[in-house]
Amino acid sequence: MPEQIKVLIVDDNDDTRDGTRRLLEYEDNIEIVGFADNGQSAVDQASELKPSVILMDINMPVMDGLTATELIKSSHPEIQIIVVSVQDDAHYMRQAFQKGAFDFIAKPITSAELAHAIERANQEHTRASMQQAMQPPQQVQQTSRQDDHRIVASRPDLNGQVIAVMGLKGGVGKTTIAVSLGVGLARLMPDQKVLIVDSNLLFGDLAVFLSTRSDYNILNVIEMASDPEGIDIQTAESVFVPHESGAKLLLAPANPGEAQPVSAEQFVQTLNQLRRDFHYIIVDTATTFDPISVAVIRTADRMVVVATPTMPALKDARLLFNELTGAEFPSEHILLVLNEVDKSSRITREQISNFLKHEVVAEIPDDPFAIEAVNNGRPLIAMDSKRSVAVRPLMNLVQLVRDSVSDSGTSDEHLVEEQRRGGIFGSILGG
Ligand SMILES: Nc1ncnc2c1ncn2[C@@H]1O[C@H](COP(=O)(O)OP(=O)(O)OP(=O)(O)O)[C@@H](O)[C@H]1O
Ligand SMILES: [Mg+2]
């Protein structure tokens, strides 16, 4: 029997409370531990019952749900709160996230949607509880609300490194490698914050590779980044999907119909703002050459170029190298990786290096378990290294990338570098 997720239901309306209970009736892994009919009672019951997840209504007598959310989060940061609203109101949503809610859902909602939201919140609860257990006691002591605000305002700039994974040919293994890099870096350095970004707005499949989903996606963060106030990290946290490796995921829209045009400028802005809150930002890219790829080339600190040892892929890799050279992307910051290397391949590593005028830094073998990994929503790097031949080379690649960025990078360097590359791309960016 899986461990039960303890849920507290807060709503002033008897019928609504009961309706929510019934929605979750058949979920084996969810246990309703209590009910509250106002915010104050929710605060009291949160301390007493220690639920993992709270479903919180907004408008209630005595104390409203947003105030209760703020109070509960300040004393029990590990408890995750899902604010349930009767309407999809952007104003309430922003407020809920600012008060520390994990998620915001609008009615009507199906039992599957609710159960999924609770599961995601519970994953975050597990992660936050573990993090708390690892911290020395004085750091988990309560902070006052004023202190909380000060912490946010003065939170350190992590000055993260953007590592893009590119390849102009479809299906060469960009997503496989981006996922393995992100998960590998997060595992290698549990104290470092890693974000994997799916920048393929039309056909991104990061969510499929890691078997997850979310109601929010990268467009929400791009929109925030364009706002004069910039990305509010508390709100953005509810868009990032936590992965069990410790990495966070920023997914693409779930279906192509939701995609919207994004300018290179907007995407540059987004990545640069995200640098504040992550040490490593891995960007998986689409095969097309569009404003997003222009932005990625302009912003990335390292470029992992993926090709397979086949003529069509190498021809396209050469085109990409030409683009990168034209954009004055520093050649020493490009890591050329050969994927799906097969023993019977007639084209040697040396021939490829000569053809692309660039050293091959890693070869990832053709691995029959790659398909099993994708179909089970597991990163290839997390497969059993005794069976899966790609695991060790992928781990080596993770270390190589880490070493390649570990001794470089300050904010000023990013800026100078980006301005320099902007010279060539200025025309494409329209200014
Ligand atoms: N080393 C490998 N050995 C065997 N199969 C692999 C390997 N790497 C990736 N694959 C498989 O190749 C297919 C394409 O991989 P992936 O989706 O990562 O490529 P992509 O470049 O991201 O594709 P797209 O252009 O569609 O974004 C997947 O089914 C994946 O499991
Ligand atoms: Mg892909």
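Just so you know, ligand 1 is whichever comes first in the structure, and atom 1 is the first atom listed for that ligand.
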- Item | Protein heavy atom at shortest distance from atom 3 (N) of ligand 1 | D367 N, 2.8 Å
- Note on the structure: Any heavy atom of A286 under 4.0 Å from ligand 1? The part involved is neither
- Please confirm whether the backbone N or O of I177 pairs with a side-chain atom of S180, one donor and one acceptor, at under 3.5 Å? no
- Atoms of ligand 1 under 4.0 Å from any heavy atom of G170, numbered from 1 in the order shown, are 25 (O)
- Item | Nearest-contact summary for atom 26 (O) of ligand 1 - protein heavy atom, Å | G171 N, 4.0 Å
- Note on the structure: Taking only non-hydrogen atoms of V374 and a 4.0 Å limit, the atoms of ligand 1 in range are 31 (O)
- Is E265 salt-bridged to R298, going by a charged N under 4.0 Å from an acidic O? yes
- Please indicate, with yes or no, if any protein heavy atom is found under 4.0 Å from atom 14 (C) of ligand 1? yes
- CD1-CD distance between I231 and Q273, expressed to the nearest 0.5 angstrom: 4.5 Å
- Query: Are any of the N or O atoms of F209 closer than 3.5 Å to those of ligand 1?
  - Reply: no
- Note on the structure: atom 10 (N) of ligand 1: closest protein heavy atom, distance to 0.1 Å, is E340 OE2, 3.5 Å
- Note on the structure: Under 4.0 Å from one or more heavy atoms of I371, ligand 1 contributes atoms 29 (O)
- Message: Show the atoms of ligand 1 that are less than 4.0 angstrom away from any heavy atom in T287.
- Response: 25 (O)
- Message: Can you report which non-hydrogen protein atom sits closest to atom 8 (N) of ligand 1, along with the distance?
- Response: N339 ND2, 3.0 Å
- Message: Does the Lys NZ or Arg CZ of R120 fall within the cation-pi geometry relative to F102 - under 6.0 Å from the ring centre and within 45° of the axis?
- Response: no
- Message: Under 4.0 Å, heavy-atom basis, I'd like to know which part of I177 is in contact with ligand 1: side chain, backbone, both or neither.
- Response: neither
- Query: Can we say K248 and D277 salt-bridge, meaning some charged N sits less than 4.0 Å from an Asp/Glu carboxylate O?
  - Reply: no
- Message: Given L55, which partner from the list L114, D11, V10, L8 fulfils the side chain to side chain contact (heavy atoms under 4.5 Å, CB included) test?
- Response: L114
- Can E258 and N255 be counted as having a side-chain donor-acceptor contact under 3.5 angstrom? yes
- Message: Can you classify the ring geometry of F240 versus F278 as parallel (below 30°), tilted (30 to 60°) or perpendicular (above 60°)?
- Response: perpendicular
- Can you find an N or O of T175 that's nearer than 3.5 Å to an N or O of ligand 1? yes
- Item | Backbone or side-chain N or O of G173 under 3.5 Å from ligand 1 N or O | yes
- Message: Under 4.0 Å between a side-chain nitrogen and a carboxylate oxygen: does that hold for R21 and E25?
- Response: yes
- Among all protein heavy atoms, pick out the one at the shortest distance from atom 30 (C) of ligand 1; state its residue, atom name and that distance to 0.1 Å. T176 OG1, 3.8 Å
- Task: Using non-hydrogen atoms of the residue, decide whether F369 is closer than 4.0 angstrom to ligand 1.
- Result: no
- At under 4.0 Å between heavy atoms, which part of A370 makes contact with ligand 1: side chain, backbone, both or neither? both
- Message: Suppose we screen for side-chain contact (heavy atoms from CB on, under 4.5 Å). Which residues come up paired with H125, at least two apart in sequence or across chains?
- Response: S52, E78, Q80, N122, S129
- Measure the NE2-CG distance between H243 and L195 for me, rounded to the nearest 0.5 Å. 13.5 Å
- Please determine, by modelled atom types, if S293 and D290 share a side-chain donor-acceptor pair under 3.5 angstrom. yes
- Task: Report, as yes or no, whether the 6.0 Å neighbourhood of atom CD on E31 holds more than 12 heavy atoms from other residues, nucleotides or ligands.
- Result: yes
- Message: Tell me the protein heavy atom at minimum distance from atom 20 (P) of ligand 1, and give that distance in Å.
- Response: K174 N, 3.4 Å
- F203 and ligand 1 - part of the residue with a heavy-atom distance under 4.0 Å: neither
- Message: Run the side chain to side chain contact (heavy atoms under 4.5 Å, CB included) test on F321 and L336 for me, step by step, so that the C-alpha distance in whole Å, both residues' side-chain angles and the decisive distance to 0.1 Å come before the verdict.
- Response: CA-CA 10 Å; F321 271 96; L336 173 60; 4.1 Å; yes
- Which part of D366 is near ligand 1, with near meaning a heavy atom under 4.0 Å away: side chain, backbone, both or neither? both
- Message: Given a threshold of 2.8 Å, state how many protein N/O/S atoms are nearer than that to the Mg ion (ligand 2).
- Response: 1
